[in-house]
Every structure is written in structure tokens, then in C-alpha cells.
Colleague: 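Below: one structure in C-alpha cells.
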Amino acid sequence: TEFLRFRDVIYKSSSVTTGIEPKKARTTTGGSLVFKTKSPNVRLSFEFVAGQENRGSVFAVRQNGGASQYFSVAADALSYNLELHSNFAAGTLVTYRVILPHYSNPILKEIKPDLGHVLQEFTPPTRSPYIAIGDSISHGAGQKGTFETYPWLVSEGLNLELYSLAVGGSKISVKAAEGLADWTNIRAITILIGFNDWRTGKSIAQLKTDYGSLLNKIRSLHPNVPVFCLSLLYSTNTSTNSSGATLADARVAINNVVQSRINAGDSNLKLVDTTGWIHDADLYDAVHLNATGARKVATQLRARMSIDLGI
């Protein structure tokens, strides 16, 4: 079983066409696997395909909602057996939640309980979908795994089901947004995108056009879903791109696109000003968040979303 986050067109097309790098789109950031069993031991067998995006894997596993256990896998591994042992008395039904890695693509081959034991059928709790659109900052570059990314922390804090459409290196992608047609009853969408558009030399005029097209596509599919547009985060990158624009210029441009639509009457579109949320100590490098920075962004964003969503 391969846990894919996008429609096939993203994997079969060039990033020049879609704005998203197909190999990075195959990674499992934001995903988790839940099952129940009374088996004292369970083995999950995974495979990794050589040549795919793989920066190493860290699985986080929780039993009955308890503290996480962490399992690390080297980036060059082509297979891995995740060996789980119940922390509870014999005969106890345990709910396992396996939080998948963020920068690799573990393909599940088998879940094998002990002889004489089975996986129990169950109906998972219904949680409203939360969609996170973004680039490597939202994908989790600079953090150890999905469990440290800000979209994951937001989803857990608000009890929403995360679907991460964040991909490292991505630009604004209308083609990816078309996949939102596959969801119903979305509770919220967050957007933190535009850095790579600016970095690769896109003009301010084109940046505004593309961001507007993204919002147009989202609104054509989900006219009333609350959409939280984050201003581009603080960065130590003070350079000017090939079209003569600074990151500050890009930040203002995106803010203006969002604010103009709010002014035009889209009351469910939210401009989230991230000024002051993070500082130098919260960065892994010039752009990406470290674990502390991700927690800070999650705390601020979760508070804003909680107020606006009433949850």
C-alpha cells in the first residue's frame, strides 16, 4: 500500500507544469496509520524504492493515546520491519497509531500480528478534514518527522484530520488545488506558499496573478470553507530575486491579494499576519523552521483558527 496524497496527474507531470516535484509529492508527511489488535506483538513491514525522495525516516507510534515511541530508519534502507510490542496486559485491545515519516515514502507490505491473533474491525472516529497547502516549510524541512510539523500540531490541537498537500520545493499550484474536489465537509484550509515562486525569480505581478488563481480554484470548489492565508514567514534571506523583488515585496503582494478579496466580501477568507511569530533562533536555516519554530507557528495559528472556527 502506497500512501499517496495527490491525484495521479501530479505524479505523472513535470514540476514545470504543476509547480510540484513528483518525487517529493510521494512522501507521506501528515499521514498516520491506525489499527487495533490484542496481539502482544505486531510487525509492520515497509519497503522503500531506490531513487525516490528519502531523507531518512522517523516513525512515531502511540498506544491507546499514550506517549510516543520513536523508530528511526536510515535514508539508504530499502526495507524495514517496525516491531511493536504491547505496553498493556495480555488480552488488552490496543489502538496503535503509527505516524508516518515526512520526507520518505514507506510502502506498507504487511501488518502481521502474532499467530492466533488478528486485527480488530473498528470504525475510526470521524474528524473533519483540515487541508494544509504549502512548500517545504509546511512539509517539515528542519524537523525530525511529521509529528513535529506545524500542520500536524495544529490538527492535533484542534482535533481535525490533517491532509497535508505541502511539498518541498513547490510553487503555487492550481493543478494540485484541483484535487480539493475529492473532499467534502472540509473544516479549514491553510495556505503558506510563495517563497519558491519568489526565490526562482517570479515577478510580483505574476506572483499576485498566480496566488489569485489559486484562490479562484479553491473558491470554485469550496465557496464557503474558511481559508487561512498566512503571510510569508520571517526569513534571514534579504536578497533580491532576478526580477528585482525582495521577500518583503512578495509578502506585501500576497497580503494585498488576500486583503482585496476580503474587502470584496469573502468573509471566510482570513489573512493571518505572521509578523513576530518567529525569530532567528526558531530557524533551522535561513528559511525553514526548527522544531521550536514549528511549535511557535502551530501555537499562534491554532489560536487564530480556534477563534475563527469556534472550536
Side-chain angles (χ1 to χ4, degrees), residues 1-6 8 10-16 18-35 41-63 67-85 96-113 132 134-153 162-171 176 195-196 199-200 283-294:
T1 300
E2 190 173 10
F3 304 102
L4 298 178
R5 300 182 281 137
F6 295 90
D8 284 347
I10 299 299
Y11 305 111
K12 295 178 179 179
S13 304
S14 164
S15 60
V16 175
T18 66
I20 293 182
E21 207 286 314
K23 287 184 179 180
K24 291 180 180 178
R26 299 192 91 94
T27 58
T28 55
T29 187
S32 65
L33 175 65
V34 180
F35 61 90
N41 306 289
V42 187
R43 170 182 290 177
L44 283 73
S45 297
F46 293 96
E47 289 185 356
F48 300 89
V49 177
Q52 288 191 356
E53 182 76 12
N54 192 338
R55 302 185 186 182
S57 305
V58 180
F59 293 86
V61 180
R62 296 173 182 167
Q63 298 187 29
S68 293
Q69 297 173 281
Y70 301 99
F71 302 83
S72 298
V73 187
D76 59 354
L78 296 179
S79 64
Y80 179 67
N81 289 328
L82 179 59
E83 305 283 358
L84 303 179
H85 311 287
Y96 290 89
R97 190 179 192 191
V98 180
I99 304 170
L100 299 172
H102 65 335
Y103 260 103
S104 65
N105 179 28
I107 299 171
L108 179 66
K109 306 303 290 186
E110 183 182 33
I111 301 178
K112 186 176 181 180
D135 49 34
S136 54
I137 298 171
S138 305
H139 191 146
Q143 292 106 65
K144 293 179 180 178
T146 286
F147 54 91
E148 287 188 343
T149 66
Y150 83 79
W152 178 267
L153 297 173
L162 173 62
Y163 293 88
S164 177
L165 300 185
V167 179
S170 64
K171 301 176 184 177
F195 180 86
N196 291 314
R199 179 182 59 82
T200 55
L283 294 174
Y284 174 80
D285 53 27
V287 177
H288 301 102
L289 303 167
N290 58 29
T292 300

Colleague: Which value, rounded to the nearest 0.5 Å, describes the distance between Leu100 atom CG and Ser32 atom OG?
Modeller: 6.5 Å
Colleague: Is the shortest heavy-atom distance from the side chain of Pro151 to the side chain of Leu162 under 4.5 Å?
Modeller: yes
Colleague: Run the numbers on Asn105 and Glu2 for side-chain hydrogen bond (donor to acceptor under 3.5 Å, both in side chains), then give the verdict.
Modeller: CA-CA 8 Å; Asn105 179 28; Glu2 190 173 10; 2.8 Å; yes
Colleague: Restricting to non-hydrogen atoms, name the atom on Thr28 and the atom on Pro106 that form the minimum distance, rounded to 0.1 Å.
Modeller: OG1-CD, 3.5 Å
Colleague: Would you compute the distance between atom OG of Ser45 and atom NZ of Lys112 and round it to the nearest 0.5 angstrom?
Modeller: 8.0 Å
Colleague: Calculate, to the nearest 0.5 Å, the distance between atoms NZ and OG1 belonging to Lys109 and Thr1 respectively.
Modeller: 8.5 Å
Colleague: What is the minimum heavy-atom distance between Gly51 and Lys23, and which atoms define it?
Modeller: O-NZ, 3.2 Å
Colleague: Could you check whether any side-chain N or O of Asp135 sits under 3.5 Å from a backbone N or O of Val167, counting only pairs where one atom can act as donor and the other as acceptor?
Modeller: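 It does not hold such a pair.
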Colleague: Using a 3.5 Å distance criterion without hydrogens, assess whether the side chain of Ser13 forms a donor-acceptor pair with backbone atoms of Ile10.
Modeller: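 Side chain of Ser13 to backbone of Ile10: no pair is present.
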Colleague: Does Ser57 reach the main-chain N or O of Val73 with its side chain, forming a donor-acceptor pair under 3.5 Å?
Modeller: no
Colleague: If every non-hydrogen atom of Gly31 is compared with every non-hydrogen atom of Trp152, which pair is closest and at what distance?
Modeller: O-CZ3, 4.5 Å
Colleague: Taking the side chain as every heavy atom from C-beta outward, state whether Ile107 and Val49 have any pair of such atoms under 4.5 Å apart.
Modeller: yes
Colleague: Between Leu44 and Val42, does the side chain to side chain contact (heavy atoms under 4.5 Å, CB included) criterion hold? Intermediate values first, please.
Modeller: CA-CA 7 Å; Leu44 283 73; Val42 187; 3.8 Å; yes
Colleague: Check the pair Phe48 / Asp76 against side chain to side chain contact (heavy atoms under 4.5 Å, CB included), numbers first and verdict last.
Modeller: CA-CA 9 Å; Phe48 300 89; Asp76 59 354; over 6 Å; no
Colleague: Can you tell if the side chain of Ser164 reaches within under 4.5 Å of the side chain of Ser138, non-hydrogen atoms only?
Modeller: no
Colleague: If we only count heavy atoms from C-beta on, is the Arg62 to Tyr96 side-chain gap below 4.5 Å?
Modeller: no
Colleague: Would you say the side chain of Leu84 lies within less than 4.5 Å of the side chain of Leu82, judging by non-hydrogen atoms?
Modeller: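 When only atoms from C-beta onward are counted, Leu84 and Leu82 do touch, with a gap below 4.5 Å.
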Colleague: Checking side chain to side chain contact (heavy atoms under 4.5 Å, CB included) for the pair Ser104/Arg55: CA distance, chi angles, key distance, verdict?
Modeller: CA-CA 6 Å; Ser104 65; Arg55 302 185 186 182; over 6 Å; no
Colleague: Test side-chain hydrogen bond (donor to acceptor under 3.5 Å, both in side chains) on Tyr103 and Thr29; report intermediate values, then the result.
Modeller: CA-CA 7 Å; Tyr103 260 103; Thr29 187; over 6 Å; no
Colleague: Does the ring center of Phe46 lie less than 6.0 Å from the ring center of Tyr80?
Modeller: no
Colleague: Determine whether a donor-acceptor pair (N or O, by modelled atom type, separation under 3.5 Å) exists between the side chain of His102 and the backbone of Gly140.
Modeller: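 Confirmed, His102 side chain pairs with Gly140 backbone.
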Colleague: Establish, from distance only, whether the side-chain atoms of Thr27 and His139 form a donor-acceptor pair under 3.5 Å.
Modeller: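 On atom types as modelled, these side chains qualify, holding a pair under 3.5 Å.
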Colleague: Provide the closest heavy-atom pair for Pro113 versus Ile111 in the form atom of the first, atom of the second, distance.
Modeller: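 That closest heavy-atom pairing would be CD-O, 3.5 Å.
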Colleague: Return yes if some donor-acceptor pair links the side-chain N/O of Gln143 with the main-chain N/O of Gly145 below 3.5 Å, else return no.
Modeller: no
Colleague: When you measure from the centre of the six-membered ring of Tyr11, is the NZ or CZ of Arg26 closer than 6.0 Å and no more than 45° off the axis?
Modeller: yes
Colleague: Answer yes when Glu83 and Arg43 have at least one side-chain N-carboxylate O distance shorter than 4.0 Å, and no when they do not.
Modeller: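 A salt bridge links Glu83 with Arg43.
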Colleague: Applying side chain to side chain contact (heavy atoms under 4.5 Å, CB included) to Gln63 and Gln69, what does each step give before you reach the verdict?
Modeller: CA-CA 9 Å; Gln63 298 187 29; Gln69 297 173 281; 3.4 Å; yes
Colleague: Distance from Ser15 atom OG to Ile20 atom CD1, nearest 0.5 Å?
Modeller: 9.5 Å
Colleague: How about Leu153 and Glu148: do any of their side-chain heavy atoms sit closer than 4.5 Å?
Modeller: no
Colleague: Evaluate whether atom NZ of Lys144 has more than 12 neighbouring non-hydrogen atoms of other residues, nucleotides or ligands under 6.0 angstrom away.
Modeller: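 Atom NZ in Lys144 is not packed in, count stays at 12 or less.
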Colleague: Say whether, by atom type as modelled, one donor and one acceptor occur between the side chain of Gln52 and the main chain of Ala50 under 3.5 angstrom.
Modeller: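 Here the side-chain-to-backbone pair does not exist.
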Colleague: Can you name the closest pair of heavy atoms from Leu289 and Tyr284 and give their distance?
Modeller: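 Smallest interatomic distance, heavy atoms only, reads O-CB, 3.7 Å.
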Colleague: When you compare the side chain of Ile137 with that of Val287, does any pair of heavy atoms fall below 4.5 Å?
Modeller: yes
Colleague: Measure across Ser170 and Gly134 and return the closest heavy-atom pair with its distance rounded to 0.1 Å.
Modeller: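 Scanning both residues, the minimum pair turns out to be OG-O, 3.1 Å.
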Colleague: Please examine the side chains of Lys171 and Thr18, heavy atoms only from C-beta on, and report whether any two atoms are closer than 4.5 Å.
Modeller: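 When only atoms from C-beta onward are counted, Lys171 and Thr18 do not touch, as no gap falls below 4.5 Å.
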